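The structure appears below as structure tokens.
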Amino acid sequence: MIINRFDQQQAGAYTCRPIPPQNVQSPSVSLTMGHSPRSTSIAVFPAGELSEGGSVTLTCSSDAAPPVESFAWFKDMESGSIPDSFSPQLHLSYLKYTDRGEYYCVARNSLGTDRSGSLFLNVTYSPKNTHVWVSPQRDIREGSHANLSCISHAYPPPSRYNWYRIMGDQVVANGHYQNLTFPSVGAQHAGQYYCIASNRLGSQSSLVSSLTVLYPPKNTSILARPSSVVDAGRPLTLTCSSQAYPAVDNFTWHRLTLDGGTVQSWATKSGPVFTFSEVSPGESGQYYCEAKNRIGAHSSPVLTVRVRGRLKVIALASAVGVSAGLITLTVAVMISKNMHRVDMETIEDVNKRPPVTPETICHESAEQTHPVRKGKMSDIPEEPDDLSDTSHPSIIPLMDAPPIKGVSGRCSASNLVSVHYSQMSSPDQVQEETRHQNNT
């Protein structure tokens, strides 16, 4: 017997017997309707919301004849099946946020296979992988548009964002939106930022991200050390400072002479310092510097440097002082020689003086006149170095005084003492005079 297009109505038990009929019958044969797996589906337990850290069991069922021989589990349309998942149940313990996604199963028997529909496994979790995204990614120049975005993975999605900026030792709150936008970014906006994303299950902070703003030099100025007014021969250092990003890579110095002459320029790439080891009066003038980077350039205000001729003043004062000293010494020597000569002439005058009467001897007051020498200062001969400049009275004993003739009456010679003023003798002169008196 041949059955074409066998279907469920033809299923049953079949027997056969010979013709003509005899009391003989074959054993019965059952024919059933077989088919590949169908109506394959997934059931989840427990039902409802699944939280991170919990567990869940997925069960795959299918109608097949003969029954399903094997099952396979897949996630998120991945090319390969989940490892070790060939049973009708898939058990996930200690759920992670990465377990969130779509799952399906495939049932197989000898007649074919069947794929279930997708089941979305919704695992709730707190924010993960929070980070700051800076745009544009290329160079951000002052005045352009800039945006900072707080990106975070979470379910349910983050419901709150907080921005913070690090300024030295302080942390300043800077917004409560997912995006921090600068329509015209400036140098004052450059710095370090981070954000915190939060949902009802928790929060997470991002790493610190830097907003770099490129701008040309600004606030350029010159500092003079020790001062802008300096004595000649002293060192002078001019320092050019400027704010810029990237940093200044070229400094150019300019000088305007005080009399309005031409501009002199010196270009240097070694740094912002211009040094004079010994400044001279000719280097007085008005100085300014120009700072440059690849974004632009900026010049400082003019600084006036004045160099005083202090060395010439000191040299002149020293010359005048030395000349005055020489003149003083020459005059002192001249006076000393004149006084010595006067003393010698006084002794000779006493010896030649005529007799004095007793009535006048006690009342006579002699006035001596010192001769004044005329001539040039250079004609005065030098005196020995040990000559003293101080004049002292010399008291001469009466026995050594020149004799006075004709003295009588109330003023006798024994009552007279001669006092002479002369220059103090040097030790050698004293010894010479002592020898002269002993020989006498």
Side-chain angles (χ1 to χ4, degrees), residues 129-152 161-175 177-196 205-226 228 235-256 263-277 285-305:
N129 300 327
T130 306
H131 61 280
V132 175
W133 179 263
V134 181
S135 62
Q137 291 295 299
R138 61 182 184 277
D139 290 345
I140 301 176
R141 298 198 177 194
E142 190 174 35
S144 63
H145 181 275
N147 185 74
L148 303 181
S149 297
C150 188
I151 306 300
S152 184
Y161 296 91
N162 295 93
W163 284 96
Y164 298 92
R165 182 181 180 184
I166 300 175
M167 303 182 66
D169 297 333
Q170 297 181 344
V171 177
V172 180
N174 216 63
Y177 302 96
Q178 183 177 8
N179 296 321
L180 191 61
T181 303
F182 303 96
S184 179
V185 68
Q188 70 275 13
H189 299 134
Q192 295 181 316
Y193 295 82
Y194 69 93
C195 68
I196 297 178
S205 174
S206 71
L207 297 177
V208 174
S209 181
S210 295
L211 175 62
T212 302
V213 180
L214 307 183
Y215 57 95
K218 60 178 63 178
N219 301 327
T220 308
S221 63
I222 298 178
L223 175 64
R225 292 182 180 178
S228 60
L236 174 64
T237 300
L238 302 180
T239 303
C240 183
S241 61
S242 183
Q243 298 175 352
Y245 192 87
V248 175
D249 54 17
N250 180 273
F251 291 91
T252 304
W253 290 89
H254 305 271
R255 186 183 73 161
L256 300 171
V263 179
Q264 295 180 343
S265 300
W266 302 270
T268 176
K269 292 185 178 181
S270 60
V273 179
F274 196 92
T275 302
F276 302 89
S277 58
Q286 293 178 324
Y287 291 80
Y288 69 94
C289 66
E290 183 182 32
K292 294 181 181 179
N293 66 1
R294 65 184 177 89
I295 307 300
H298 185 252
S299 295
S300 70
V302 172
L303 174 70
T304 300
V305 174

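Please read these numbers as outputs of a predicted model, since none were measured by experiment.
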Can you tell me how far the [atom1] atom of [X] sits from the [atom2] atom of [Y], to the nearest 0.5 Å?
| X | Y | atom1 | atom2 | value |
| --- | --- | --- | --- | --- |
| Ser299 | Lys292 | OG | NZ | 8.5 Å |
| Thr252 | Glu290 | OG1 | CD | 5.5 Å |
| Ile222 | Leu238 | CD1 | CG | 6.5 Å |
| Ile151 | His131 | CD1 | NE2 | 5.5 Å |

Within the 3.5 Å criterion, strictly below it, is a donor on Ser221 or Ser300 matched to an acceptor on the partner's side chain? no

Could you tell me which non-hydrogen atom of [X] sits nearest to which non-hydrogen atom of [Y], and how far apart they are?
| X | Y | value |
| --- | --- | --- |
| Ser184 | His189 | O-CE1, 4.0 Å |
| Asn174 | Leu180 | O-CD1, 3.2 Å |
| Leu303 | Ala224 | CD2-CB, 3.8 Å |
| Ala146 | Ile140 | CB-CG2, 4.1 Å |
| Ser209 | Val132 | CB-CB, 3.8 Å |
| Arg294 | Leu214 | NH2-CD1, 3.5 Å |

Trp163 and Tyr193 aromatic ring geometry - parallel, tilted or perpendicular at 30°/60° bounds: perpendicular

Whether His254 and Tyr288 hold their rings parallel, tilted or perpendicular, with breakpoints at 30° and 60°: parallel

Is it true that atom CD of Gln170 has more than 12 heavy atoms of other residues, nucleotides or ligands lying nearer than 6.0 Å? no

Mark yes when over 12 heavy atoms from residues, nucleotides or ligands other than Tyr245 sit less than 6.0 Å from its OH; otherwise mark no. no

Partner residues of Tyr177 under the ring pair (Phe, Tyr, Trp, His ring centres under 6.0 Å) criterion, sequence neighbours left out: none

Listed partners of Ala291 passing side-chain contact (heavy atoms from CB on, under 4.5 Å), at least two apart: Pro217, Thr220, Ser242, Val248, Phe251

Evaluate the side-chain proximity of [Y] to [X]: yes if any heavy-atom separation is below 4.5 Å, no if none is.
| X | Y | answer |
| --- | --- | --- |
| Phe274 | Cys240 | no |
| Ser149 | Asn147 | yes |
| His145 | Thr181 | yes |
| Phe182 | Leu148 | yes |
| Thr130 | Ser205 | no |

With a 3.5 Å distance limit and no angle check, can you tell me whether [X] reaches the backbone of [Y] through a side-chain donor-acceptor pair?
| X | Y | result |
| --- | --- | --- |
| Gln178 | Cys150 | yes |
| Asn293 | Ile295 | yes |
| Ser206 | Cys195 | yes |
| Arg165 | Ala190 | yes |

